[in-house]
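Below, chains carry the letters A, B, ... as their sequence lines are ordered, and counting in each starts from 1.
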Amino acid sequence: MNKTNAEIARMLRMISYLLDMSETKSKKTNFKNRAYNTAAEKIDNLSISMEDLYKSEGIKGLLSIPSIGKAIASKIEEFINTNEIQYYNQLRSELPLDIEFLELKGIGPKTLKSIYDKVVIKNIEDLEKAAIEGKIRDIPGFSQKKEESILKKIKNYKDCRNRFPIGEIYPFVKQIERYLSEIKGVKKAITVGSFLRMKDTIRDIDYLVASNDPQKVIETFVNMSEVKQVLGKGSSKAFVKLNNGMNSDLLVVPDESYGAALLYFTGNKQHGINLRKIASSKNLKLNEWGLYDKSKGIKIAGETEEEIYAKLGLEWIPPEMRENKGEIELSKTETYKIYNSGENKISQLIGYEDLKGDLQVHTNNTDGKMSIEQMVLYAADFGLEYIAITDHTKSLKIARGLDEAQLLNQANKISQLNDNIKTDNFFTDLIKGEVRNNNYKNLKNFRILSSAEVNILKDGSLDISNNILDKLDIVGAAIHSSFSLPIETQTKRLVDTALNPSVDIIFHPTGRIINKRDGYPVNIPKLVEVAKDTKTILEVDAAYERLDLKDDHIKIAIDNGVKIAIDSDAHHPLQYVFLKFGIGQARRGWATKKDVINALPVQEMLNNLKQG
DNA sequence: GCCGTTTTCGGCCCGACTGTTTTCAGTCG
């Protein structure tokens with residue numbers, strides 16, 4: 001049981017695929033398979049769980065999702081209740097092909113059907129074997145060249161690691177972006193796609209370049225040393241596989257099409273489709289080259305995104321919000337004007353320069369790499385005004401967690417440092433050889449907060465008592481063990497923590513590590529409800545392998561009036577840069593500056609805590 | 001199969017690249 005949205009979407013997508021394979025030229029079937037595919041995409045982008053929706057509201061809940069009608073809703077219901085869809089079984093009894101073909105890019109249902117009709121295959125292994133044995137080249141419509149290309153595509157499928165955490169590839173992606181921007185004649189070069197939308201993980205890296213010499217840019221791109229294989233190229237586009245296994249696409253357009261191309265290539269796909277539908281309804285046509293007036297046959301916009309959105313009756317939408325989750329409705333100029341008298345999300349979204357403090361920072365007193373003083377120095381250098389020192393507590397043995405005496409000792413030291421920081425020469429010794437810019441002038445007003453990342457035990461209690469915690473400026477708590485308890489127990493551990501009057505923030509609430517572990521199960525709406533009642537802050541841990549809370553959870557939290565903190569979880573000064581990824585997730589969750597507690601100056605932030 | 005400010009029928013986003021199709025189907029994003 002417990003069907004994820006991804007599993008449901010995959011089933012619908014495979015139904016679409018099988019319908020496409022078995023389609024008799026009739027147009028009706030053609031649109032039927034598209035309907036299944038559209039429903040699958042919709043579900044993939046949904047912020048709520050279909051199963052939860054079904055359990056709380058029944059089939060009516062499913063029908064409330066656009067693109068899901070009676071027929072598809074009843075199949076989802078069947079899948080949730082019986083773990084099967086008879087319609088799918090029936091299709092598969094006619095075409096017994098493994099669902100993995102969905103992930104084999106470049107070979108679609110039509111190609112596969114032509115092969116299937118002549119050679120018995122069931123899965124990708126069979127297909128590879130048939131190609132190696134030369135059984136495909138003689139099928140009508142195929143050739144030796146096509147057979148070779150099938151083998152290449154299978155190799156690509158096997159090589160491809162699914163998705164990379166955004167922070168892991170960030171420097172590499174930016175390096176190529178800089179390289180492209182330095183090609184002679186290039187006016188602009190930018191990384192677009194899910195990277196620009198700040199998705200937590202990235203599959204493909206897409207670049208957009210504005211230049212009047214596309215051939216030169218394309219040749220330079222496909223000949224970079226980072227390129228392992230050229231998958232295709234034409235007069236405006238190129239597709240390559242990079243050495244790290246990722247696919248990368250390049251689109252080159254003239255300056256006057258830059259905005260249209262940026263809009264098209266940033267996505268997401270459904271956002272783009274909806275914009276093109278709006279264009280169509282206004283007798284306009286939108287593509288990657290511009291916005292055109294159909295009746296007059298002339299281009300009316302294209303150089304900037306803003307002018308295109310404006311001509312469609314919309315305010316500009318930040319890339320992080322372009323996920324087809326209601327942002328188009330929100331940006332309609334009429335809606336916008338009403339809201340904008342006070343509270344429009346789009347104009348108030350938390351910005352990349354808005355954080356004033358960082359509420360989770362570690363030092364070499366436990367598992368961090370540097371001292372409090374060094375972490376402070378670099379934080380000031382980074383432009384922050386305060387940090388909380390949140391070393392682990394005693395029951396987390398692996399990090400040499402602090403006991404009560406050590407914790408109080410550290411708090412005393414921090415208190416002294418706060419006094420000394422105001423004197424002119426205090427950091428002189430430390431600064432020697434470490435100064436990178438002149439932000440140290442901010443140091444005098446810098447505030448160090450005593451804190452801890454208190455360990456939540458299996459029964460939901462903490463490993464440090466409240467009378468000790470109350471001596472700290474701010475308290476964070478987190479789960480680091482017993483991940484496999486059932487959802488009710490895990491939720492109760494976090495709810496009990498939120499109910500604890502000494503705990504201000506719950507750190508990385510779901511415990512996920514991207515590509516390594518899913519995290520423990522948590523009833524997020526329930527936790528959010530208690531957090532709201534108790535004024536507990538939920539963290540967005542910005543370390544790129546965590547990004548926890550994730551975007552959809554952030555949206556649930558702030559929609560319910562819960563404040564978030566965006567923290568780096570830095571164990572080294574260079575890790576303050578992680579804050580960028582946390583802010584990206586917060587923007588994806590539509591968080592405004594007001595929703596983020598550490599966008600406040602230190603005293604206001606403290607005043608807004610539970611006991612503040 | 002889904003949808004509706006042209007609402008229960010008749011539409012359904014748009015264009016680049018590939019292969020071998022001399023005018024297009026398949027696939028992708």
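- Atom CZ of A:Phe195 is separated from atom C1' of B:dG29 by 19 Å (rounded to the nearest Å).
- Between the A:Arg587 side chain and the A:Ile350 main chain, a donor and an acceptor come within less than 3.5 Å of each other.
- The distance between atom NZ of A:Lys332 and atom C1' of B:dT5, rounded to the nearest whole Å, is 11 Å.
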Output one line per pair: protein atom, nucleotide atom from nucleotides 13-16 of chain B, and distance, for all N/O pairs under 3.5 Å.
residue, atom, partner, partner atom, Å
B:dC13, OP1, A:Arg34, NH2, 2.5
B:dC13, O2, A:Arg276, NE, 2.3
B:dC13, O2, A:Arg276, NH2, 2.6
B:dG15, OP1, A:Lys285, NZ, 3.0
B:dG15, OP1, A:Asn287, ND2, 3.1
B:dA16, OP1, A:Trp289, NE1, 3.2
B:dA16, O4', A:Lys237, NZ, 3.4
B:dA16, O3', A:Ser236, OG, 3.4

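- At least one donor-acceptor pair under 3.5 Å links the side chain of A:Tyr207 to the backbone N or O of A:Val173.
- Paired with A:Leu97 under the rule side chain to side chain contact (heavy atoms under 4.5 Å, CB included), one option of A:Met21, A:Lys113, A:Lys122, A:Arg92 passes, and it is A:Met21.
- Without hydrogens or angle criteria, A:Glu128 side chain to A:Glu125 main chain gives no donor-acceptor distance under 3.5 Å.
- Taking atom C1' on both B:dC13 and B:dC28, the two are 14 Å apart, rounded to the nearest angstrom.
- Qualifying side chain to side chain contact (heavy atoms under 4.5 Å, CB included) partners for A:Glu147, counting only residues two or more places apart in sequence or in other chains: A:Ala131, A:Ile136, A:Arg137.
- A heavy atom lying under 4.0 Å from DNA chain B marks the following residues of residues 108-125 of chain A, by number: A:Gly108, A:Pro109, A:Lys110, A:Thr111.
- In this entry the distance linking CG of A:Leu151 with P of B:dG19 reads 14 Å, nearest Å.
- In this structure, CG on A:Leu53 lies 5.0 Å from CD on A:Glu57, to the nearest 0.5 angstrom.
- One interatomic measurement links the two molecules: OH of A:Tyr157 to P of B:dC28, which rounds to 14 Å at whole-angstrom precision.
- With rounding to whole Å, A:Glu103 atom CD is found 16 Å from B:dT27 atom P.
- The gap from the P atom of B:dC17 to that of B:dG11 amounts to 31 Å, rounded to the nearest Å.
- Going from atom CG of A:Asn33 over to atom P of B:dC12 covers 16 Å, rounded to whole Å.
- Around atom NZ of A:Lys70, no more than 12 heavy atoms belonging to other residues, nucleotides or ligands sit under 6.0 Å away.
- A gap of 14 Å separates the C1' atoms of B:dG1 and B:dT8, to the nearest Å.
- Distance from the side chain of A:Phe239 is smallest for B:dC17 among the nucleotides B:dG29, B:dC17, B:dG1.
- Partners of A:Ala189 according to the side chain to side chain contact (heavy atoms under 4.5 Å, CB included) rule, which considers only residues two or more places apart in sequence or in another chain, are A:Leu180, A:Ser181, A:Val186, A:Val209.
- For A:Asn37 (side chain) and A:Asn33 (main-chain N/O), no donor-acceptor pair under 3.5 Å exists by modelled atom type.
- Remark: the backbone N or O of A:Ala260 is not paired with any side-chain donor or acceptor of A:Ser257 at under 3.5 angstrom.
- In this model, the phosphate group of B:dG1 is not approached by any side-chain N or O of A:Ser67 to a distance below 4.0 Å at OP1 or OP2.
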Practice item. Give the intermediate values and the outcome of side chain to side chain donor-acceptor pair (under 3.5 Å) for residues A:Asn243 and A:Glu226. Key: CA-CA 6 Å; A:Asn243 288 328; A:Glu226 290 85 354; over 6 Å; no

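- Residue pairs meeting the side chain to side chain donor-acceptor pair (under 3.5 Å) criterion with at least one partner in residues 271-280 of chain A, sequence neighbours excluded, are A:His271-A:Tyr309, A:His271-A:Glu327, A:Asn274-A:Asn324.
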Between N or O atoms, less than 3.5 Å apart, protein on one side and nucleotides 8-10 of chain B on the other: list the pairs.
none

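- As rounded to whole Å, 15 Å separates atom P of B:dG1 from atom CG of A:Asp20.
- Spacing between atom CG of A:Asn247 and atom P of B:dC17 amounts to 17 Å, rounded to whole angstrom units.
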